[in-house]
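Reviewing the structure listed below.
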Amino acid sequence: MRTSQYLLSTVKETPADAEVISHKLMLRAGLVRRLGSGMFSYLPTGVRVMRKVEDIVRQEMNKAGAIEVLLPMVQPAELWQESGRWDTMDAELLRFKDRHQRDYVLGPTHEEVITDLVRREITSYKQLPLSLYQIQTKFRDERRPRFGVMRAREFIMKDAYSFHLGQQSLQQTYDAMYNAYCNIFNRLGLDYRPVQADSGAIGGSVSHEFHVLAASGEDAIAFSDTSDYAANIEMAEALAPEGSRPAPQLSLSEIATPAANTVAEVAELLGVDTSTIAKTLLVLGEADDAGQQPLVALILRGDHELNELKAEKLSGVASPLQFASDEQVLAVCGAATGSVGPVGLTVNIIVDRAAAHMADFIVGANKDGYHLTGVNWDRDISQYQVADIRNIVAGDPSPCGFGQLVIKRGIEVGHIFQLGEKYSTALKAGVLNEEGKHQIMTMGCYGVGVSRIVAAAIEQNNDEYGIIWPDAIAPFQVALIPMNMHKSARIAEVAERLYQQLTAAGIEVLFDDRRERPGVMFADMELIGIPHSIVIGERNLDNQQVEYKNRRSGEKMLLDISNVVADIQLKTTC
RNA sequence: CGGUGAUUGGCGCAGCUUGGUAGCGCACUUGGUUUGGGUCCAAGGGGUCGCAGGUUCAAAUCCUGCAUCACCGACCA
């Protein structure tokens with residue numbers, strides 16, 4: 001490609017609305033332009049990168065035995081009513097009507113459509129297992145789109161769905177997909193981790209997320225410092241502290257804590273560490289037969305945070321988790337939220353494992369402006385159950401039994417789920433099994449955020465001059481930069497010749513044939529992040545040489561013109 | 001959805017307090033100059049100042065409403 005016949009669209013100044021580095025660089029390097037909130041046009045360079053990512057994903061999907069399809073983005077509401085998600089999904093599902101006033105949705109995901117397709121096409125167990133995938137545009141009406149294409153409303157996703165006669169078959173495909181995902185991210189040249197995850201609203205049980213590690217990531221991931229264990233921070237189990245609980249030393253007494261309502265305020269007032277205080281959170285319990293929701297008290301150590309996901313999974317706790325109102329708190333314990341405590345409380349009490357290990361601790365006195373000190377389990381509070389309801393913190397022992405947890409941030413670029421029969425049951429998608437009986441299929445689903453990968457790769461690979469693409473997804477492999485070609489016939493001749501030779505050898509070259517000064521060319525090629533560049537100048541031409549420079553390492557060397565193609569082939573393949 | 005802020009040429013911004021001819025840098029066009037790291041000089045084109053209403057002799061500027069966008073949070077996963 002010649003720059004004179006290309007749309008470079010690089011800009012010097014960063015548009016004001018970009019916050020994260022990938023967004024800034026995607027705008028400056030001419031990869032995307034914003035059309036509206038969370039919607040982006042892809043310029044030629046952006047498309048080239050996206051195609052590279054798609055090709056790798058496509059190859060690995062095919063290798064894993066999945067077959068490519070293409071499903072409509074506009075989907076009739078009936079299917080979503082049939083699965084139940086028409087009612088359960090919130091405004092993230094974009095709904096609209098056609099000219100006949102029929103309801104439609106803009107597909108945020110395709111479980112409904114694929115399950116409908118498969119239930120019509122597949123009738124026998126002999127046709128299973130079956131894996132289908134597509135690479136296509138999705139639309140999710142995010143409440144707050146941000147970080148450029150990283151959390152856009154319209155984005156490109158690879159979504160695959162597998163259909164099985166039973167769990168064992170699903171597990172096999174799930175494992176194959178897991179490996180395919182590892183292959184994908186290895187080939188993309190990204191620093192990533194598979195982590196255990198919650199399956200959330202999509203449904204199902206077993207689930208892994210694939211995260212690209214980056215400080216700007218929206219998700220927190222917990223890793224063991226000595227084993228392979230990695231989990232979404234919401235999923236990581238907080239183990240009970242080692243050893244037995246210390247014996248009570250102090251007797252129960254009441255202390256005035258005027259104007260101290262938070263754990264931090266109480267700790268400061270009393271001159272103690274927040275870890276010696278137990279905080280009591282009142283939430284709604286599960287509705288009983290009469291529709292009443294009794295309150296439930298959740299007790300945590302003062303320095304720990306409630307994990308809402310863990311809490312709402314407990315029986316007796318309402319899901320989604322809902323905190324008690326001020327009136328409800330007052331009615332149950334006779335004090336405002338700042339002074340609630342478990343002593344004498346008549347509701348069900350669920351204690352975090354770490355909090356259950358405390359002795360001689362401090363709690364609210366259920367009396368405004370007072371706390372209790374020297375509180376001890378069993379002696380002062382007899383009825384309670386213990387559960388894991390907190391977020392893990394760095395330094396906690398790893399649930400796998402090896403090492404301590406460290407917390408890093410990641411960008412979720414892939415997510416695989418074992419869906420089970422959630423959608424196949426709702427849509428009555430079954431086959432005749434070996435006994436000739438109708439049997440509901442078991443499903444898995446597997447997503448890769450293609451456009452998000454582009455941004456994530458930039459988050460991980462950039463410097464003060466711009467993007468540094470991994471070779472596998474660079475828009476061009478080589479930048480060919482002639483110095484003042486318009487003034488030197490022999491530079492023009494060498495440049496043209498190298499361009500022809502490299503292109504003929506199947507190498508993607510961006511030949512900067514603009515009549516620009518050298519500095520402009522260098523700056524643009526570095527901003528775009530082309531991994532290898534060749535500078536042709538009078539300086540080295542007398543020796544029949546050109547200069548090579550590596551974008552990532554900064555390594556420079558002289559290449560003989562006669563060997564350029566072979567040398568570049570070596571550098572781009574290894 | 002709550003909070004904060006923004007909206008002036010393609011991009012980045014000033015002007016608004018104190019109403020009176022719409023400006024700067026980049027980019028673009030033309031000529032010259034320069035040529036191994038975003039040259040320099042000169043000339044030029046391009047803006048109903050987000051929209052609607054109000055106040056005023058006069059509104060980019062003051063008032064009211066609306067829209068759009070971004071950031072923080074919640075939500076989602």
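Below, read A as the first sequence line, B as the second, and so on, with proteins coming before strands; counting in each chain starts at 1.
As judged by a 4.0 angstrom heavy-atom cut-off over every strand, A:Pro145 is placed among residues touching the sugar-phosphate backbone only. Across all strands shown, A:Asn484 has heavy atoms under 4.0 Å from base atoms, whether or not it also approaches the sugar-phosphate. The residue A:His23 sits apart from the nucleic acid: no heavy atom pair falls under 4.0 Å. Among the atoms of the strands shown, none is found under 4.0 Å from any heavy atom of A:Asp141. Heavy atoms of A:Arg515 sit nowhere under 4.0 angstrom from any nucleic acid atom. Heavy atoms of A:Ala16 sit under 4.0 angstrom from primed sugar atoms or phosphate atoms, though from no base atom. Here A:Glu526 lies in heavy-atom contact (under 4.0 Å) with a base. Counting any heavy atom pair closer than 4.0 Å across all strands shown, A:Arg33 reaches no nucleic acid atom.
Side-chain contact check for A:Arg515 and A:Asn484: no donor-acceptor pair (N or O, by modelled atom type) lies under 3.5 Å.
Below the 3.5 angstrom threshold, one finds a donor paired with an acceptor across the side chain of A:Asp524 and the base of B:G38. Counting distance only, with no hydrogens placed and no angle test, the side-chain atoms of A:Glu13 and the base atoms of B:G25 include a donor-acceptor pair under 3.5 Å.
The nearest whole Å value for the distance from the NZ atom in A:Lys12 to the P atom in B:C28 is 9 Å. Summarising the geometry, the separation between CG on A:Asp512 and P on B:G36 is reported as 15 Å, rounded to the nearest angstrom. One can place CD of A:Glu547 at 12 Å from C1' of B:G37, the figure rounded to the nearest angstrom. Distance, A:Asp90 CG to B:C75 P: 12 Å, rounded to whole Å. Atom pair A:Glu305:CD and B:A74:P shows a separation of 10 Å (rounding to whole Å applied). Atom C1' of nucleotide B:U4 and atom CZ of A:Arg146 are separated by 15 Å, given to the nearest angstrom. Between the P atom of B:A70 and the CD atom of A:Glu19 lies a distance of 12 Å, rounded to the nearest Å. Taking atom CG of A:Leu309 as the reference point, atom P of B:C75 lies 12 Å away to the nearest angstrom.
The ring of A:Tyr178 has its center closer than 6.0 angstrom to the ring center of A:His208.
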Full working for side chain to side chain donor-acceptor pair (under 3.5 Å) between A:Tyr181 and A:Asn179
CA-CA 5 Å; A:Tyr181 274 44; A:Asn179 288 330; over 6 Å; no

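Comparing B:A70, B:G36, B:U35 by their closest approach to the side chain of A:Arg539 singles out B:G36. Comparing B:C75, B:G37, B:C76 by their closest approach to the side chain of A:Phe522 singles out B:G37. With distances taken from any side-chain atom of A:Ser37 to the nucleotides B:U39, B:C69, B:C13, the minimum falls on B:C69.
Across all strands shown, the partner of B:C69 is B:G5, judged by Watson-Crick or G-U wobble contacts whose two distances both fall under 3.5 Å. Under the Watson-Crick or G-U wobble criterion, with both distances below 3.5 Å, B:A58 is left unpaired in every strand shown.
More than 12 heavy atoms of other residues, nucleotides or ligands lie within 6.0 Å of CD in A:Glu218, so this atom counts as buried by the packing criterion.
Taking every heavy atom of both residues into account, A:Leu480 and A:Ala495 meet most closely at CD2-O, 3.5 Å.
Nearest-nucleotide positions on RNA chain B for A:Gly38 and A:Pro518 put A:Pro518 closer to the 5' end.
A side chain to side chain contact (heavy atoms under 4.5 Å, CB included) with A:Met150 is found for exactly one of A:Val454, A:Ile453, A:Ile411, namely A:Ile411.
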